[in-house]
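Notes follow once the structure below has been shown.
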Amino acid sequence: MKWYIGNIAIKNQVVMAPMAGVSNPTYMKILENMGVGLAFTELISSEALVRNNEKTLEMLRGLEKMKIPVGVQLFGANPEVMAKAAQIVTKLYPNVFIDINMGCPVPKIAIKSGGGSALLKDPAKIGEIVTRVVDAVDVPVTVKIRSGWDASSINAVEVAKIIQKSGAKAISVHARTRAQGYSGESDWNIIKHVVAGVDIPVIGNGDILTCYDAKKMLDETKCAAVMIGRGLMGNPWLVRDCVNYLDKKLLPLNVTWDEKINMIAAHLQALVKDVGEKQAVLQMRGHILNYLRGLPENKEVKRAICASNSKAEILAILENYRNKLKKI
């Protein structure tokens, strides 16, 4: 089902979450091919962008190739710097919009820098940051939040209303508190209350591991779309399953070990092309461990992958594993 963020049309209700080390242009392109409607980059430091930090700028390279809408997720606590960073991003990549992170629980983001979920403790500052960023760019601005700082300070609805009033065009709600991190269960009732409290689209996030979870969240909360995070690690096919189930009522397809090995090889080849072999080999280790999760006799191959130092070595390991699986 099509929906909108401002003037941007989103073709379906399946959204890729911002995930450190995962939500890069290479994996976005894989998910785009699987049918995802919208994607967000991993956290990008506004301070680093303003300082013209080369490593930070490299994290964005490849976004110009994306055909689906992409939100570049900025974090920081200084309204002026956030506004300048948003201008830098939209000048470099006219095809993206801006997302502001107010939900990251990682201490160096949420405590040391005063950004991420720490902003949930200062609703007035949230309003100031969103207003400054909205005024600075000509593209839609969205915001990602959590339920609250902890169980005694659930303020997602209050914060969402401020975000809407400040000019944002959509809100993503991870239905856990900062204190929960990524543990425990998400409380989808929080998403439901936010949906009822604002007039802009709300994207629900938390515990979407199957297409059935996606349908349940949409039905229970009436959110505009579902954002999938950890469920996509090593499982890009979840996007296909969710889109097919939500739009066509088609049941999930089985993914064979042969398909998984082929996808790992394709992912590696694409990443090498995008970031170079050295970086690609390092980055792919985590991806491959996720891809191999649940496959038989994978301990030895996992150890070999983590010790590998080249594309050729990884591809050889995968082919040996493929041949081993054929005999099982």
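Atoms considered below: every heavy atom in the structure, side chains included; atoms not considered: hydrogens, waters and symmetry mates. These figures come from a predicted structure and were not determined experimentally.
Q269 places no side-chain N or O within donor-acceptor distance of the main-chain N or O of A266, the cut-off being under 3.5 Å. Checked by atom type and distance alone, the side chain of D247 pairs as donor or acceptor with a backbone atom of M1 at under 3.5 Å. No donor-acceptor distance shorter than 3.5 angstrom exists from the side chain of E277 to the backbone of S310, with no hydrogens or angles considered. Under a 3.5 Å cut-off, the side chain of W149 and the backbone N or O of N155 do not form any donor-acceptor pair.
Side-chain contact between L57 and N52 is present, with heavy atoms from C-beta onward closer than 4.5 Å. Between L74 and I100 the shortest side-chain heavy-atom distance does not fall below 4.5 Å. Here the side chains of L60 and V96 are not in contact, with every heavy-atom distance at 4.5 Å or above. Within the 4.5 Å cutoff, the side chain of L325 has heavy atoms near those of the I261 side chain. When side chains are defined from C-beta on, L246 does not count as touching N12, because their heavy atoms never get closer than 4.5 Å. Put simply, the side chain of L38 reaches to within 4.5 Å of the side chain of I203, judged on heavy atoms. Taking the side chain as every heavy atom from C-beta outward, M82 and R132 never approach each other to under 4.5 Å. In this structure, N7 and K169 have side chains that are not in contact, with every pair of non-hydrogen atoms separated by 4.5 Å or more.
The hydrophobic cluster containing L250 does not contain L253, counting ILVMFWY residues as joined when their side-chain heavy atoms lie under 4.5 angstrom apart, directly or transitively. A continuous path of ILVMFWY side-chain contacts below 4.5 Å connects L295 to M263, so both sit in one hydrophobic cluster. In the hydrophobic cluster analysis, where Ile, Leu, Val, Met, Phe, Trp and Tyr join through side-chain heavy atoms closer than 4.5 angstrom, L268 is grouped apart from L289. L315 and L282 fall into different hydrophobic clusters, defined by Ile, Leu, Val, Met, Phe, Trp and Tyr side-chain heavy atoms under 4.5 Å apart, directly or through other members.
In this view, H193 satisfies the ring-ring contact (aromatic ring centres under 6.0 Å, His included) rule with no residue, not counting sequence neighbours. With sequence neighbours excluded, no residue satisfies ring-ring contact (aromatic ring centres under 6.0 Å, His included) with Y4. Taking S23 as the reference, nothing meets the side chain to side chain donor-acceptor pair (under 3.5 Å) condition, with sequence neighbours excluded.
Residue pairs that meet the salt bridge (charged side-chain N to carboxylate O under 4.0 Å, His left out) test with at least one member in residues 313-322, sequence neighbours left out, are D258-R322, E319-R322. A ring pair (Phe, Tyr, Trp, His ring centres under 6.0 Å) check over residues 281-311, counting only residues at least two apart or in different chains, returns the pairs Y27-H287, H267-H287, H267-Y291.
For the residue pair D99 / T142, a side-chain donor-acceptor distance below 3.5 Å is found, with atom types taken as modelled. There is a side-chain donor-acceptor pair under 3.5 Å between D207 and S186.
More than 12 heavy atoms of other residues, nucleotides or ligands shown are found within 6.0 angstrom of CD on E54. For E300, the CD atom is loosely surrounded, since the number of other residues' heavy atoms within 6.0 Å does not exceed 12.
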- Message: Checking M102 against V159 for the side chain to side chain contact (heavy atoms under 4.5 Å, CB included) test, could you report, in this order, the C-alpha distance in whole Å, the side-chain angles of both residues, the deciding distance, and whether it holds?
- Response: CA-CA 10 Å; M102 296 184 175; V159 166; 5.6 Å; no
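Summarising the hydrophobic clusters (Ile, Leu, Val, Met, Phe, Trp, Tyr; side-chain heavy atoms under 4.5 Å, direct or chained), the residues clustered with L251 are Y212, Y245.
Taking every heavy atom of both residues into account, P25 and L63 meet most closely at CG-CD2, 3.8 Å. Between V50 and I88, the shortest heavy-atom distance links the atoms CA-CD1, 3.9 Å.
A cation-pi arrangement is present between R146 and Y182 under the rule of less than 6.0 angstrom and at most 45 degrees off the ring axis.
A salt bridge does not link K11 to E32: none of the charged nitrogens lies less than 4.0 Å from a carboxylate oxygen.
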